[in-house]
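Chain letters run A, B, ... following the sequence lines, proteins first and then strands; every chain starts at 1.
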Amino acid sequence: MRFAWPFLRPVLLIYLAIFMLINLVMSRNPYEYNQVAATRYDFVSVGKTRVEKVVVFTLIEDFGAMNLGLGDLLPDGSIDYGRVSDNGDIIKVLATVVDIVKHYTWLHPEAFIYFQGSTNERTKLYGRVLKNYYSSFSESFWVYGAMEEEDGVKFVPFDVTMSGGYLGFLVKRK
Amino acid sequence: MIVRKKNIRIKKNKKAPKSEIRELERQWVEVHSHIDPNNAPYDKLEKAKELFRQPSVIKSLKELGLIDKD
């Protein structure tokens, strides 16, 4: 098959495909959420099953550092932060979490939102997710990573070229 | 200068490329279901509190202008 627009080179087509894929992913509508308390948001993940999810912001330090926790709401009202829903809608769930962070930081622009995985492996994955969506996320947020250096742990601007090595991530509304 | 444009032959890829979304979902389920005994889950909030108590962390936040230098 001969291509109709010969001025478009394959490399350009690949870039175009990647751009369209990213846009497709980013345009996935997040779930609707409810702010049920000053620091708590609920939403329902509807994938293979129906899972009630909870996002909780917990104060770490008085200067406004808040820990971001995502968990599943259990029938007894408690929150399980370690459970694996495997509901087949992780992109939509992540998009909802980003929306919630945007809402929370719109209400509290001075807040720093900190998150890390409960294992090193999970933290690495969160870094990869952040790296994939950095271009759109960085439009609204400053993003920093905690790194172990010779003179202790430090926050440094998030570097998309790094493959890992962060202990956690901090975001702040621009 | 005349630039001769090449006709580009596009090969039809019969096998669809692996979806980035599916790959992310796979990794997500994998890291959240698999627990390495040498890398057991820790209390994130306690870890975060420990981290933010470190003088080097506070110093770096001040250097980045995220908190007051006083």
Taking only heavy atoms into account, what residues of residues 139-147 of chain A are found under 4.5 Å from chain B? Y144(A), A146(A)
Hydrophobic clustering (ILVMFWY, side-chain heavy atoms < 4.5 Å, transitive) - are [Y] and [X] grouped together?
X       : Y       : result
F43(A)  : L107(A) : yes
F169(A) : V129(A) : yes
M66(A)  : V54(A)  : no
I90(A)  : Y133(A) : yes
Y81(A)  : V97(A)  : no

I need the minimum non-hydrogen distance between A48(B) and Q116(A), along with the two atoms involved.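 The pair with the smallest heavy-atom distance is N-OE1, 3.6 Å.
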Near D76(A) CG, under 6.0 Å, is it more than 12 heavy atoms from other residues, nucleotides or ligands?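 Correct, the count exceeds 12.
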Looking at K124(A), I want to see if its NZ is surrounded by more than 12 non-hydrogen atoms of other residues, nucleotides or ligands under 6.0 Å. no
Chain A contact via L51(B) - which portion, at a heavy-atom distance below 4.5 Å: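 The side chain, not the backbone.
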Heavy-atom distance under 4.5 Å to chain A: side chain of Q27(B), backbone, both or neither? both
When rounded to the nearest 0.5 angstrom, what is the spacing between [atom1] in [X] and [atom2] in [Y]?
X       : Y      : atom1 : atom2 : value
E61(A)  : I67(B) : CD    : CD1   : 9.0 Å
F63(A)  : D68(B) : CZ    : CG    : 11.0 Å
E150(A) : S56(B) : CD    : OG    : 12.5 Å
R53(B)  : I60(A) : CZ    : CD1   : 10.5 Å

In terms of heavy-atom pairs under 4.5 Å, which option from K44(B), K59(B), K47(B) contacts chain A the most?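 The option with the most such pairs is K44(B).
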Below 4.5 Å from any heavy atom of chain B, which atoms of [X] appear? Answer side chain, backbone, both or neither.
X       : answer
K172(A) : side chain
L94(A)  : side chain
F155(A) : both

Would you say N67(A) and F52(B) make side-chain contact, with heavy atoms under 4.5 Å?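 No - every pair of side-chain heavy atoms lies 4.5 Å or more apart.
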Tell me, do L64(B) and P157(A) make a side-chain contact under 4.5 Å, heavy atoms counted?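 They are in side-chain contact.
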Among the listed options G117(A), G168(A), G152(A), the residue most often paired with chain B at heavy-atom distances under 4.5 Å: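 Most heavy-atom pairs within the cutoff with chain B belong to G117(A).
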